[in-house]
Visitor: 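Quick one: structure below, then a few questions.
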Amino acid sequence: MRIKNGIDLIEISRIKKSYDTFGDRLLNRIYDESEINVFLKKSLVAKAPFLAKNFAAKEAVSKVLGTGFTNGIRPKDIVIKRRYGGPEVELRGKSAEFAKKIGLIYISLSMSDTNYNATAVATGIFES
Ligand SMILES: CC(C)(COP(=O)(O)OP(=O)(O)OC[C@H]1O[C@@H](n2cnc3c(N)ncnc32)[C@H](O)[C@@H]1OP(=O)(O)O)[C@@H](O)C(=O)NCCC(=O)NCCS
C-alpha cells in the first residue's frame with residue numbers, strides 16, 4: 001500500500017470575487033450539480049466559504065492525482081460530498097479513469113476555514 005497527500009490553501013475573497021464576477025458560469029465550470037444544489041441552500045454568509053473549501057479540496061485531490069488540472073482532469077469531475085462524519089470525494093469522468101489507471105483506490109479528505117482562508121488536505125491510498 002502507498003499513500004500520497006495533497007494540500008491546498010486559498011483566500012475566500014478570491015473565490016467570492018470570481019463568483020461575483022462570473023456567477024453561474026463559475027458554478028457550472030468548477031462545481032458538479034450536487035455541489036451547486038448544496039451551495040444554493042446555504043445562507044449568504046456561508047456561500048463563499050463553501051465554494052472556497054470545495055475548490056481547495058478539488059485542488060488538494062488534483063495534487064494526489066499528481067496532475068493538477070491538466071490532461072482533462074477537471075475541477076467539476078472531483079466532486080465533494082458533505083457527509084455526516086466528514087466530507088467525501090467522488091471522482092467522475094477522466095479523473096475517475098485516471099485514478100483507476102494509477103491504482104488510486106480511496107481518498108480521505110479534510111477541510112477547514114477561517115474568516116479569510118479555506119484549506120483542504122487529501123490523502124490518497126493506492127493499491128500495491
Ligand atoms: C497543481 C496545482 C493544483 C497547484 O495549484 P496552485 O494553486 O497553482 O499552487 P499551490 O501553491 O497550491 O501549490 C503549489 C505546490 O503544489 C505542488 N505541486 C505542483 N504540481 C503538482 C502536481 N502536479 N502534483 C502534486 N503536487 C504538485 C508543488 O509542491 C508546488 O509547490 P512548489 O512549486 O514550491 O514545489 C496547479 O497546477 C493547478 O492545476 N492549478 C489549477 C489552477 C486553475 O486552473 N485555476 C482556475 C480554476 S479552473
Side-chain angles (χ1 to χ4, degrees):
M1 191 185 76
R2 196 165 60 83
I3 65 169
K4 182 177 177 182
N5 285 321
I7 187 168
D8 196 58
L9 170 69
I10 60 173
E11 283 158 39
I12 296 170
S13 61
R14 199 187 123 209
I15 295 290
K16 187 176 183 311
K17 205 170 152 196
S18 283
Y19 179 65
D20 290 345
T21 308
F22 299 108
D24 287 351
R25 267 177 62 203
L26 174 92
L27 293 182
N28 292 317
R29 177 158 171 242
I30 306 285
Y31 303 92
D32 170 77
E33 199 184 327
S34 64
E35 296 175 295
I36 295 172
N37 287 337
V38 177
F39 167 78
L40 293 174
K41 290 185 197 130
K42 292 276 171 196
S43 68
L44 193 59
V45 287
K47 275 182 157 49
F50 174 84
L51 293 183
K53 274 182 282 188
N54 280 32
F55 188 70
K58 290 165 188 282
E59 290 218 299
V61 170
S62 82
K63 290 180 184 180
V64 170
L65 292 170
T67 53
F69 296 134
T70 60
N71 300 308
I73 306 296
R74 304 185 307 167
K76 203 179 170 78
D77 290 331
I78 300 172
V79 183
I80 312 306
K81 304 268 183 184
R82 295 294 200 286
R83 300 278 192 233
Y84 184 75
E88 285 176 11
V89 181
E90 232 177 71
L91 300 180
R92 305 248 166 91
K94 286 255 165 61
S95 299
E97 279 170 32
F98 186 71
K100 206 169 174 188
K101 198 171 123 191
I102 60 176
L104 176 59
I105 50 177
Y106 182 72
I107 301 170
S108 169
L109 176 67
S110 189
M111 304 187 288
S112 182
D113 62 345
T114 66
N115 284 339
Y116 302 100
N117 297 305
T119 187
V121 175
T123 303
I125 297 180
F126 297 77
E127 62 194 0
S128 79

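As the structure is a computational prediction, the values presented were derived from the model and not from experiment. Both ligands and their constituent atoms are indexed starting at 1 by order of listing.
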Visitor: Could you pull out the closest heavy-atom pair between G66 and K4, with the gap in Å?
Guide: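 Minimum heavy-atom separation between G66 and K4: CA-NZ, 3.6 Å.
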
Visitor: Only heavy atoms of R29, strictly under 4.0 Å: list the atoms of ligand 1 that pass.
Guide: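 The list of qualifying atoms is 48 (S).
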
Visitor: Geometry only, no angles: is F69 polar-contacting ligand 1 at N/O separations under 3.5 Å?
Guide: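 Yes: some nitrogen or oxygen of F69 is under 3.5 Å from one in ligand 1.
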
Visitor: Check the pair I80, M111 against side chain to side chain contact (heavy atoms under 4.5 Å, CB included), reporting the backbone distance first and the verdict last.
Guide: CA-CA 11 Å; I80 312 306; M111 304 187 288; 4.1 Å; yes

Visitor: May I ask whether V38 and I15 are part of the same hydrophobic cluster, defined by side-chain heavy atoms of I, L, V, M, F, W, Y residues being less than 4.5 angstrom apart, directly or through others?
Guide: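 Same cluster.
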
Visitor: Within ligand 1, which atoms have a heavy atom of I30 less than 4.0 Å away?
Guide: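 Taking each heavy atom of I30 in turn, ligand 1 has 47 (C), 48 (S) under 4.0 Å.
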
Visitor: Can you find a protein heavy atom closer to atom 34 (O) of ligand 1 than 4.0 Å?
Guide: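 Protein heavy atoms within 4.0 Å of atom 34 (O) of ligand 1 - there are none.
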
Visitor: Please report the C-alpha distance between I78 and F69 in whole Å, then the side-chain angles of each, then the deciding distance to 0.1 Å, and finally whether the side chain to side chain contact (heavy atoms under 4.5 Å, CB included) criterion is met.
Guide: CA-CA 10 Å; I78 300 172; F69 296 134; 3.9 Å; yes

Visitor: Is there a protein heavy atom at a distance of less than 4.0 Å from atom 7 (O) of ligand 1?
Guide: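 Answer yes: something from the protein, a heavy atom, is under 4.0 Å.
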
Visitor: So, applying side chain to side chain donor-acceptor pair (under 3.5 Å) with E35, which one of K58, K76, R82, K81 is it?
Guide: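 With E35 as partner, side chain to side chain donor-acceptor pair (under 3.5 Å) holds for just one option, K58.
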
Visitor: Before signing off on this row, confirm whether E59 and ligand 1 have an N or O atom pair separated by under 3.5 Å.
Guide: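 N/O-N/O distance below 3.5 Å exists for this pair.
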
Visitor: Considering only protein heavy atoms, determine whether one is less than 4.0 Å from atom 18 (N) of ligand 1.
Guide: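 Not a single protein heavy atom is under 4.0 Å away.
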
Visitor: What verdict does the side chain to side chain contact (heavy atoms under 4.5 Å, CB included) test give for F126 and V64, after you've listed the backbone C-alpha separation in whole Å, the side-chain angles of each residue and the deciding distance to 0.1 Å?
Guide: CA-CA 10 Å; F126 297 77; V64 170; 4.2 Å; yes

Visitor: Taking the six-membered ring for Trp, are Y19 and F39 closer than 6.0 Å centroid to centroid?
Guide: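 Yes, ring centres under 6.0 Å apart.
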
Visitor: Who's the nearest protein heavy-atom neighbour of atom 1 (C) of ligand 1, and how far?
Guide: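 Sorting protein heavy atoms by distance from atom 1 (C) of ligand 1 puts G68 CA, 3.7 Å first.
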
Visitor: For atom 28 (C) of ligand 1, is there a protein heavy atom at a distance under 4.0 Å?
Guide: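 No, there is none.
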
Visitor: Measure the distance from atom 24 (N) of ligand 1 to every protein heavy atom, then report the residue, atom name and distance (to 0.1 Å) of the closest one.
Guide: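 For this ligand atom, the closest protein heavy atom is G66 CA, 3.4 Å.
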
Visitor: Checking a contact table here: which protein heavy atom is nearest atom 46 (C) of ligand 1, and how many Å away?
Guide: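 Heavy-atom neighbour on the protein nearest atom 46 (C) of ligand 1: F55 CZ, 4.5 Å.
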
Visitor: Could you check if a side-chain atom of D32 sits within less than 4.5 angstrom of a side-chain atom of R74, using non-hydrogen atoms only?
Guide: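 Not touching, per the 4.5 Å side-chain cut-off.
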
Visitor: May I ask you to identify, for T67, whether its side chain, its backbone, both or neither come under 4.0 Å of ligand 1 on a heavy-atom basis?
Guide: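 Contact part for T67 vs ligand 1: backbone (N, CA, C, O).
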
Visitor: Are I12 and L27 linked, directly or through intermediate hydrophobic residues, by side-chain heavy-atom contacts shorter than 4.5 Å (ILVMFWY only)?
Guide: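 Per the 4.5 Å side-chain linkage, L27 and I12 are not co-clustered.
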
Visitor: Below 3.5 angstrom, do we get any N/O pair linking S62 and ligand 1?
Guide: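 S62 vs ligand 1: no N/O contact under 3.5 Å.
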
Visitor: Would a search of protein heavy atoms around atom 21 (C) of ligand 1 find one under 4.0 Å away?
Guide: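 Under 4.0 Å from atom 21 (C) of ligand 1, zero protein heavy atoms found.
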
Visitor: Can you tell me the protein heavy atom closest to atom 11 (O) of ligand 1 and the distance?
Guide: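 Ranking protein heavy atoms by distance from atom 11 (O) of ligand 1, first comes K63 NZ, 4.6 Å.
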
Visitor: Of all the atoms in ligand 1, which lie at a distance below 4.0 Å from a heavy atom belonging to D8?
Guide: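 Ligand 1 atoms under the 4.0 Å threshold to D8: 7 (O), 12 (O).
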
Visitor: Determine, stepwise, if the pair K47 / L51 fulfils side chain to side chain contact (heavy atoms under 4.5 Å, CB included).
Guide: CA-CA 6 Å; K47 275 182 157 49; L51 293 183; 5.8 Å; no

